[in-house]
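Following: one structure in structure tokens, then a few remarks.
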Amino acid sequence: MRSYKNACCIFVIFGGTGDLTHKKLIPAIYNLVKEDRLTENFAVVSIGRRIKTDEEYRKELLDSIRKYTDAEIHSSLWEALSKKIYYMSLNFNDVQGYQKLKHFLEDLDTRYDTKGNRVFYLATAPTYFDVVVDCIDANNMVDNRTSWQRIVIEKPFGSDLASAQYLNKKITRVFSEENIYRIDHYLGKEMIQNIMFIRFANGIFEPLWNNRCIDNIQITVFESIGIESRGAYYEKSGALRDMVQNHLFQMLALTAMEPPKSFSTTDVRDEKVKIIQSLKGFSEEDVHNHVVMGQYVSNEEKNRNILGYREENGVSETSDTETFVALKVLLQNARWEGVPFYLRTGKRVGKKTAYISVQFKNIPQTNTLYNQLIDPNLLVIRIQPWEGVFLKFNVKKPRSAEDIVSAKMDFCQNCHMEYKSPEAYERLLWDVMKGDSTLFTRWDEVEYSWRFIDQMTKCCKGDRQKILTNYEVGSLGPKEADDMLAKDHKKWWEV
């Protein structure tokens, strides 16, 4: 087995009985074992409030791997891993109970020679983030002198700027910034990581990546599912906080950032945060012209069994929470001055997809060489479900004298069964254990994104009912989102 010294640790999961652990974390750890990435000096301790034996818990995890992944289960690999997975019942608020956890981890250190290294993964509800950190601190479980201790925090990191600042103050009192991993699973997706390489490794793109050559950039993240069992959470969040503040802003930053000095963690993060800082703030007039919010409603004729948002469990019958949002944002820097970035995301739309469309400026229509309107060139980075990139360009129609048609060069890296991209959590968990925080969000990125969202939300507050509209389940969102682009003589690119 290959030796990875940095991966020598105990992986402690708070929220060990939750969906995230069963659907994502343990399958990712199993795949890391399958890929021979983890050392012998490794163990997992899952913590939950329910009472279970180790064997009961291990059996449940095996069932989850079979249910939620299409990975082939090798009995010998699972047997070896499962022996290193332990379950502990603990009330997250019980400060004294953490002493038992501390002693158990110290015993495992001796057994697996993990040298005191820890990953604390908070897979709990956000209300427990500060509670767990306080209890870890109160029991002196963070050393970071002769060993390292890192903490991983799932989104949402706060619900607004004030709550994010409060949470950050709590965590940085115990963990240094370099040991805080604010996870955004979108950054672990293969094609998100590929954005920088598509830009900076190709001489045909980077010279054109500016306001002289690009007309607009669109970022789309659609989900066909609804809010599922997260009604109470979603009522406080909405699409703006749940998706735009993190996933879409991260995609925007990677697409628009300046070339970093290197691909080091610090250099990449420095350039990303400059983009978030450069977002032009919204006025109340901008809200009317550049923001569309929607809420999905059922269509009994087409989708009898699918509920509208206000009919979901945990949702108010008079809710004004948005499940769809489309924005036009501008960046205040030399490269992108005047180029609109259109962002949209929604639940219960007609397809699950995520992609970035870069529309290049068209040739002047006054050009007398051609007697027809010509489609603009388009570069599309597809993130899910298909992963790849295609370039749309114009050619002469076969057998015609001068008619022009669109063609495209298409690269798809997961269209063939022999290739399967690793799950986002595999890459991200591996990076945490290695100590590589490049694909995680630094505090200043979080802070500036919340500043923008808070300021925009404040402008929306008085007219929220006016900008919130309905869209049918299975559609591509409200018509007003199309109208927003039509005002600029543009359209959404559906790919």
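These numbers come from the heavy atoms of this one structure, side chains and all, not from hydrogens, waters or symmetry mates.
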For residues 19-70, which residue pairs pass the ring pair (Phe, Tyr, Trp, His ring centres under 6.0 Å) check, not counting sequence neighbours? Tyr57-Tyr87

What pair of heavy atoms forms the shortest contact from Cys8 to Thr114, and how long is it? SG-CA, 3.5 Å

Could you check Tyr355 against Phe390 for ring-ring contact (aromatic ring centres under 6.0 Å, His included), going step by step and ending with a plain yes or no? CA-CA 11 Å; Tyr355 56 91; Phe390 73 77; 8.9 Å; no

Quick one: do Phe452 and Phe249 satisfy ring-ring contact (aromatic ring centres under 6.0 Å, His included)? Show the steps, please. CA-CA 11 Å; Phe452 180 89; Phe249 276 3; 5.7 Å; yes

Please determine if Arg199 and Glu206 form a salt bridge, counting it only when a charged side-chain N lies under 4.0 Å from a carboxylate O. yes

Ile180 vs Arg442 side-chain heavy atoms within contact, under 4.5 Å: no

Which residues pass the salt bridge (Lys or Arg N to Asp or Glu O under 4.0 Å) test with Glu235, sequence neighbours left out? none

NZ/Lys351: more than 12 non-hydrogen atoms of other groups inside 6.0 Å: yes

Electrostatic pair Glu60-Lys52, nearest N-O below 4.0 angstrom: yes

Residue among Glu447, Glu154, Glu177 satisfying salt bridge (charged side-chain N to carboxylate O under 4.0 Å, His left out) with Arg182: Glu177

Is a salt bridge present between Lys272 and Glu445, judged by a nitrogen-to-oxygen distance below 4.0 Å? yes

Is the NZ or CZ atom of Arg150 positioned over Tyr121's six-membered ring, under 6.0 angstrom from the centre and within 45° of the axis? no

Quick one: is the NZ or CZ of Arg118 closer than 6.0 Å to the six-membered ring centre of Trp148, and within 45° of its axis? no

Any salt bridge between Arg230 and Asp242, counting N to O under 4.0 Å? yes

Ion pair present between Asp184 and Lys155, side-chain N to carboxylate O less than 4.0 angstrom? no

Is Arg427 salt-bridged to Asp431, going by a charged N under 4.0 Å from an acidic O? yes

Are a donor atom and an acceptor atom from the side chains of Asn31 and Glu426 found within less than 3.5 Å of each other? yes

Please determine whether a side-chain nitrogen of the Lys or Arg among Lys115 and Asp113 lies less than 4.0 Å from a carboxylate oxygen of the Asp or Glu. yes

Mind listing the closest non-hydrogen atom pair of Trp450 and Ala164 along with its distance? CD1-CB, 3.6 Å

State plainly whether the residues Asp410 and Arg382 are in salt-bridge range, i.e. N to O under 4.0 Å. yes

Taking NZ, NE, NH1 and NH2 as the nitrogens, is one of them in Arg451 or Asp454 under 4.0 Å from a carboxylate oxygen of the other? no

salt_bridge(Glu271, Lys274) N-O dist < 4.0 Å: yes

Whether Phe14 and Phe120 hold their rings parallel, tilted or perpendicular, with breakpoints at 30° and 60°: tilted

Parallel, tilted or perpendicular: which fits the ring planes of Tyr425 and His185, with parallel below 30° and perpendicular above 60°? parallel

Any chance NZ of Lys102 has more than 12 other-residue heavy atoms, nucleotides or ligands included, within less than 6.0 Å? yes

Beyond-backbone contact of Ile383 with Ile356, side-chain heavy atoms, under 4.5 angstrom: yes

Are more than 12 heavy atoms from other residues, nucleotides or ligands located less than 6.0 Å from atom CD1 of Ile51? no

Within the 6.0 Å centroid threshold, strictly below: Phe200 and Phe205: no

Suppose we screen for side-chain contact (heavy atoms from CB on, under 4.5 Å). Which residues come up paired with Ser176, at least two apart in sequence or across chains? Glu178, Asn179

Kindly say whether the aromatic ring centers of Phe157 and Phe129 come within a distance under 6.0 Å. no

